[in-house]
Amino acid sequence: MFALVDCNNFYASCEEVFNPSLSQFPLIILSNNDGCIIARSKKAKELGIPMGGPAYMYKDRVERGEIRMLSSNFTLYADMSQRVMQTLESYAPRMEIYSIDEAFFELEELSEEELRNEACRMREKVKKWTGIPVSIGIGPTKTIAKMANELAKKRSELGGVSILISKTAIRAQLEVTEPEEIWGIGHALAERLKANRIYTAAQLIDCDDSFIKKLLGVVGYRTVLELRAVPCFSCSQPIEKRKSIICSRSFKKPITNSSDLENVIATFVSRAAEKLRSQQSRAKFISIVIAPSPFIQPYEGRSCHIDLPNPTAYTPELIRLAKEGLKRIYRPQFAYKKAGVLLGDFCDGSVEQMDWITPPTDTPKKRNLMRTIDRINRRYDKTAVQFAAEGLDNHLRSSQTQVSPRFTTSWKDLLTVS
DNA sequence: TCTGGGGTCCTAGGACCC
DNA sequence: TCTGGGGTCCTAGGACCC
């Protein structure tokens with residue numbers, strides 16, 4: 001049996017924990033540069049404010065006081081997520097943290113009554129310890145647990161817990177579930193299904209196996225099996241390392257000269273390399289991406305892929321290669337609106353595959369240097385030690401206007417209770 | 001004027017090997 | 001008219017998730 005615990009309107013709920021007055025209004029949370037909407041409170045969803053909508057379209061209603069609007073505060077959300085996950089960990093040993101606000105559990109085969117009691121206890125404990133409301137869905141596969149969770153959120157009379165175990169209960173829910181509501185079926189596949197006159201999940205699972213494989217591929221087929229209560233996905237083991245690391249941003253103002261672009265690329269490399277070292281990996285390739293605004297046609301994004309002679313996590317070497325790559329793809333006549341760096345093909349930091357021609361990149365001395373910089377930056381501030389290549393004042397300086405305090409991770413932002 | 005960031009997995013096609 | 005069979009590796013692109 002699987003359970004999915006999902007935080008309700010997570011980012012909005014994090015803000016409301018520390019500023020309860022916000023909950024009286026529809027609340028929206030904005031992306032980097034306050035560009036578009038990435039999260040909404042329940043009230044905002046009820047108003048029909050769409051996910052991903054551009055923020056400027058709602059400025060009027062914010063000014064009129066109808067809607068509250070905040071910049072995103074990922075430091076706060078990440079810390080609150082950790083608190084929720086820690087609280088949940090005490091319940092079941094087989095837990096998979098699936099995203100910042102969701103976790104799957106593998107449960108023992110208990111009666112429906114026992115499962116319900118257990119789930120209610122979990123909900124209450126998370127709410128009491130962290131202030132975050134969660135919904136819990138339980139089913140024989142992850143995909144059905146996900147479906148149950150949606151149900152728990154939609155139907156308030158269920159008290160935040162929904163269990164789909166019996167064949168009849170599952171079937172009934174499949175009958176009223178549209179293809180795009182299924183976990184694993186996105187926009188494109190849903191269109192494909194509709195073109196084949198499949199309008200509900202029930203119709204989908206009744207289809208012939210070979211037809212499904214042809215239409216949706218093996219990935220979609222697995223989803224269908226899961227809907228038929230045949231488990232295909234289990235809870236993955238914790239602390240799996242990332243297979244790629246991306247650092248990218250859109251800029252408030254487009255970048256029109258190469259030295260500014262070099263600076264931001266160096267910053268991306270530095271941040272990505274820090275993440276790389278924190279999971280004890282080294283990268284075998286680095287990719288650079290630069291792109292003008294996607295809203296100006298034709299779209300002319302360019303990228304370049306550089307294989308490393310020796311796998312490394314040494315920031316200066318990665319910056320040097322990134323700059324070389326940038327020179328290859330940079331064209332002066334463009335105004336760049338977005339750029340990014342991707343590190344990939346990792347190997348374990350403790351394994352040394354020597355090259356008999358090229359001298360090793362990562363000497364013990366260089367590793368010590370990186371470790372020391374990481375420690376300083378962790379202890380004092382992310383930007384305490386930076387690389388000169390990043391420049392002193394680059395385009396990444398935040399243009400967030402409405403960011404809440406870091407209530408749980410910064411001493412000076414600690415709330416005072418009177 | 002203003003439109004996010006970070007991931008995973010699979011597939012098709014090309015190039016190569018014997 | 002008709003031209004084998006069995007592989008690997010890589011890349012770009014597409015699909016999905018939050």
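Protein chains get the first letters and strands the later ones, always in sequence-line order, with residue 1 at the start of each.
Here the P atom of nucleotide B:dC2 and the CZ atom of A:Phe251 are 15 Å apart, to the nearest Å. Across the protein-nucleic acid pair, A:Lys252 atom NZ and B:dG4 atom P stand 11 Å apart, rounded to whole Å. One interatomic measurement links the two molecules: NZ of A:Lys253 to P of B:dT3, which rounds to 13 Å at whole-angstrom precision. As a whole-Å value, the separation of A:Ile100 CD1 from B:dG4 C1' is 14 Å. In this entry the distance linking CG of A:Leu193 with P of C:dA15 reads 13 Å, nearest Å. A:Phe268 places its CZ atom 13 Å from the P atom of B:dG4, with the value rounded to the nearest Å. B:dG5 atom P lies 7 Å from atom CG of A:Asn33, rounded to whole Å. The CD1-C1' distance, from A:Ile185 to C:dC18, rounds to 17 Å in whole Å.
Here A:Arg222 lies in heavy-atom contact (under 4.0 Å) with sugar-phosphate atoms only. Heavy atoms of A:Ile29 sit nowhere under 4.0 angstrom from any nucleic acid atom. Residue contacts for A:Gly217: at a heavy-atom cut-off of 4.0 Å it reaches no nucleic acid atom on any strand shown. Residue contacts for A:Ile37: at a heavy-atom cut-off of 4.0 Å it reaches no nucleic acid atom on any strand shown.
Of the charged side-chain nitrogens involved, none lies within less than 4.0 Å of a carboxylate oxygen, so that A:Asp260 and A:Lys253 do not count as a salt-bridged pair. Using a 4.0 Å cut-off between charged side-chain N and carboxylate O, A:Lys42 and A:Glu16 make no salt bridge. A:Glu124 and A:Lys127 are not joined by a salt bridge, as no carboxylate oxygen comes within less than 4.0 angstrom of a charged side-chain nitrogen.
Checked against B:dT3, B:dG5, C:dC18, the side chain of A:Tyr56 finds its nearest nucleotide in B:dT3. Of the candidate nucleotides C:dC16, C:dC18, B:dG5, C:dC18 has the atom lying nearest to any side-chain atom of A:Glu102. In the set C:dA15, B:dG6, B:dG5, the nucleotide with an atom closest to the side chain of A:Ala188 is C:dA15. Of the candidate nucleotides B:dT3, C:dC18, B:dG6, B:dG6 has the atom lying nearest to any side-chain atom of A:Ile246. Checking C:dC18, C:dA15, B:dG4 against every side-chain atom of A:Ser99, the shortest atom distance belongs to C:dC18.
The closest side-chain heavy-atom distance from A:Met370 to A:Tyr314 is below 4.5 Å.
Side chains of A:Glu175 and A:Thr200: no donor on one and acceptor on the other come within 3.5 Å. Counting only N and O atoms by type, the side chains of A:Ser71 and A:Gln400 include no donor and acceptor under 3.5 Å apart.
The environment of A:His305 atom NE2 is dense: over 12 non-hydrogen atoms of other residues, nucleotides or ligands sit within 6.0 angstrom. Around atom CZ of A:Arg197, no more than 12 heavy atoms belonging to other residues, nucleotides or ligands sit under 6.0 Å away.
Stem analysis of DNA chain B (Watson-Crick or G-U pairs, both distances under 3.5 Å, runs of at least three) returns B:5-18 with C:5-18.
Within the 4.0 Å cut-off from OP1 or OP2 of B:dT3, not a single side-chain nitrogen or oxygen of A:Ser250 is found.
Under the 6.0 Å cut-off for aromatic ring centres, A:Phe2 and A:Phe104 do not qualify, their centroids lying 6.0 Å or more apart. For A:Tyr98 and A:Trp183, the distance between ring centers is under 6.0 angstrom.
Residue whose closest nucleotide on DNA chain B sits further toward the 5' end, between A:Ser244 and A:Lys337: A:Lys337. Summary of the strand contacts: A:Tyr11 and A:Arg242 both lie near DNA chain B, and taking for each the nucleotide with the nearest heavy atom, the more 5' one is attributed to A:Tyr11.
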I need a per-nucleotide contact map over nucleotides 7-12 of chain C, read 5' to 3'. Cutoff is protein heavy atoms under 4.0 Å; write B for the base, S for backbone only, - otherwise.
------
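For the C1' atoms, the distance from B:dG4 to C:dC17 is 15 Å, rounded to whole Å.
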